[in-house]
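Protein chains get the first letters and strands the later ones, always in sequence-line order, with residue 1 at the start of each.
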There are 2 protein chains.
Amino acid sequence: MQSSRETPQADAATERRASELIVAASRFVRAASRHRGRDRSPIVLRTLSNLLASGPMRIGDLAVAEHITQPTMTGVVKRMELEGLVARESDPDDGRAWLVAITPAGQEVLEGFRVRAGERVEPALAHLTEEERSILWSAARIMGKVTAELNSE
Amino acid sequence: MQSSRETPQADAATERRASELIVAASRFVRAASRHRGRDRSPIVLRTLSNLLASGPMRIGDLAVAEHITQPTMTGVVKRMELEGLVARESDPDDGRAWLVAITPAGQEVLEGFRVRAGERVEPALAHLTEEERSILWSAARIMGKVTAELNSE
DNA sequence: TAAATAAGATAGCCAAGCTATGTAATTGGT
DNA sequence: ACCAATTACATAGCTTGGCTATCTTATTTA
């Protein structure tokens, strides 16, 4: 059971725990997102979050950022525009392109989601120990690092 | 801005971090699940995982366990059956019901997903410190606890 | 035994993903 | 300066996975 430089046993254990982490995170996200009220889909919320952080963006750039195809993002933006969450203006530098910007209504929706999601999970988090909560906050940061590396491939 | 018996400042901070956790987990799951090969959807994989852990189950019980409606689970099981991932047999105790069981092919699919997902994220995890990895494993367990509480409501 | 209940199936809708392809604007090579 | 290639987005058509409403059939119960 001694380790080699590739430590295949460790890799197998890591892979198993990694898949458990994915499943646990997947179930958690589903449970936490199932709160009441005017729900928006994950892709809409991620797009709003992206626009708030980065300012107006082209549809193609939004698609790349969210790792979906351009036709899919075109449809998402179209629905968001109908709901008034974003506005589009033609790109002065390129007649083919549009700039999509978050509206005040879009910002309210995003903030409302954050508040309600927090409200929903907060009681469950309150039953954890202080140490367990701090593990979750650290895990959020670490998952962010891992996600960035996965997305850079 | 003084604190009441409910310590609103702490709640607000917890809510904010909770929403950050949800977003981080959501992006991580998407990134980790975007591996190549014969992909199955999250609901199919969760259902397989559930059947493997719990043995043959009724469609209605599967729907409750996954928090989707019965008609949706009927469709999921139908597609899984066409792919040979599950088999159904009539419930000897209730002529209206079916028992859905995972097949060897379903077990292979589930195991294959676990291996590929692990393979995909393992390199990124290898760049973390030992402590960071152990935080993620702990977080998986804690998210499971929180999910159970959220789902029990 | 008739009524109420429960388990699945069906129908019909929508959102969100995909590939393939079309259109219009921009860029680039000669 | 022009024509070809590329680029940005739109459209068409498909699948999956979610929903509600309703139907059928089997079981329970009054």
Side-chain angles (χ1 to χ4, degrees), chain A residues 26-27 29-31 33-48 50 56-83 85-101 109 113, chain B residues 26-27 29-50 56-83 85-101 109 113:
Chain A
S26 169
R27 292 184 189 264
V29 169
R30 269 189 66 81
S33 300
R34 206 166 41 236
H35 52 63
R36 301 307 133 217
R38 279 301 307 124
D39 272 297
R40 256 71 178 205
S41 68
I43 182 60
V44 165
L45 294 168
R46 283 198 305 267
T47 301
L48 286 175
N50 209 350
M57 293 176 71
R58 293 179 168 199
I59 284 181
D61 292 339
L62 276 174
V64 168
E66 298 302 333
H67 285 85
I68 63 180
T69 60
Q70 170 263 310
T72 297
M73 184 53 83
T74 293
V76 170
V77 167
K78 187 181 295 180
R79 282 188 295 273
M80 291 173 75
E81 193 182 12
L82 284 174
E83 291 189 281
L85 307 181
V86 297
R88 50 204 295 176
E89 41 193 277
S90 53
D91 186 337
D93 296 337
D94 189 333
R96 298 166 299 180
W98 297 91
L99 288 178
V100 179
V109 162
F113 165 78
Chain B
S26 171
R27 292 186 188 265
V29 169
R30 269 189 66 80
S33 301
R34 208 167 38 235
H35 55 238
R36 296 306 131 215
R38 283 299 308 125
D39 270 299
R40 255 72 178 207
S41 70
I43 182 59
V44 166
L45 294 168
R46 283 198 306 268
T47 301
L48 286 175
S49 171
N50 210 347
M57 292 176 71
R58 292 179 170 201
I59 283 182
D61 292 339
L62 276 174
V64 168
E66 299 302 332
H67 284 84
I68 63 180
T69 60
Q70 171 262 310
T72 297
M73 183 54 82
T74 292
V76 170
V77 167
K78 189 182 293 181
R79 284 189 296 271
M80 292 174 76
E81 193 182 11
L82 283 175
E83 291 189 280
L85 306 181
V86 297
R88 52 205 295 177
E89 42 193 276
S90 53
D91 185 336
D93 296 337
D94 190 333
R96 299 166 299 180
W98 298 90
L99 287 179
V100 179
V109 162
F113 163 78

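- Counting non-hydrogen atoms under 4.0 angstrom, B:P42 reaches nothing in the nucleic acid.
- Scanning for side chain to side chain contact (heavy atoms under 4.5 Å, CB included) contacts around A:S90 gives A:W98, with sequence neighbours left out.
- In this structure, the CG atom of A:D61 is 12 Å from the C1' atom of D:dC9, given to the nearest Å.
- Between the CD1 atom of B:I68 and the C1' atom of D:dT20 there is a distance of 15 Å, rounded to whole Å.
- Regarding A:M73, its CE atom lies at a distance of 17 Å from the P atom of D:dT11, rounded to whole Å.
- Every residue meeting the side-chain hydrogen bond (donor to acceptor under 3.5 Å, both in side chains) condition with A:E66, not counting sequence neighbours, appears here in chain and number order: A:R46, A:N50.
- With sequence neighbours left out, A:D61 forms a side chain to side chain contact (heavy atoms under 4.5 Å, CB included) with A:M57, A:R58.
- Contacts between chain A and DNA chain C, taken as any atom within less than 4.0 angstrom of a protein heavy atom, begin and end at C:dA15 to C:dT26.
- The interatomic distance linking B:D91 (CG) with D:dA26 (P) rounds to 14 Å, in whole Å.
- Both B:W98 and B:R30 lie close to DNA chain C; mapped to their nearest nucleotides by heavy-atom distance, the more 5′-ward contact belongs to B:W98.
- If you measure from atom CD of A:Q70 to atom C1' of D:dT6, you get 14 Å, rounded to the nearest angstrom.
- In this structure, B:M57 and A:I43 both approach DNA chain C, and ranking their closest nucleotides by distance from the 5' end singles out B:M57.
- Under the side chain to side chain contact (heavy atoms under 4.5 Å, CB included) criterion, B:V29 pairs with A:A25, A:S26, B:S33, sequence neighbours left out.
- B:R79 pairs by the salt bridge (charged side-chain N to carboxylate O under 4.0 Å, His left out) definition with nothing, not counting sequence neighbours.
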Practice task
Check the pair A:L48, A:V86 against side-chain contact (heavy atoms from CB on, under 4.5 Å), reporting the backbone distance first and the verdict last.
Solution key: CA-CA 8 Å; A:L48 286 175; A:V86 297; 4.3 Å; yes

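- Across all strands, A:D94 comes closer than 4.0 Å only to sugar-phosphate atoms, never to a base (heavy-atom distances).
- Between the CD atom of A:E89 and the C1' atom of D:dC9 there is a distance of 16 Å, given to the nearest Å.
- Atom NZ of B:K78 is separated from atom C1' of D:dT15 by 15 Å (rounded to the nearest Å).
- Judged by distance alone, with hydrogens and angles left aside, the side-chain atoms of B:T74 form a donor-acceptor pair with the main-chain N or O of B:Q70 at under 3.5 Å.
- A straight line from CZ of A:R58 to P of D:dA10 spans 12 Å, rounded to a whole angstrom.
- Residue side chain B:R96 does not reach the base of D:dT27 through any donor-acceptor N/O pair under 3.5 Å, judged by distance alone.
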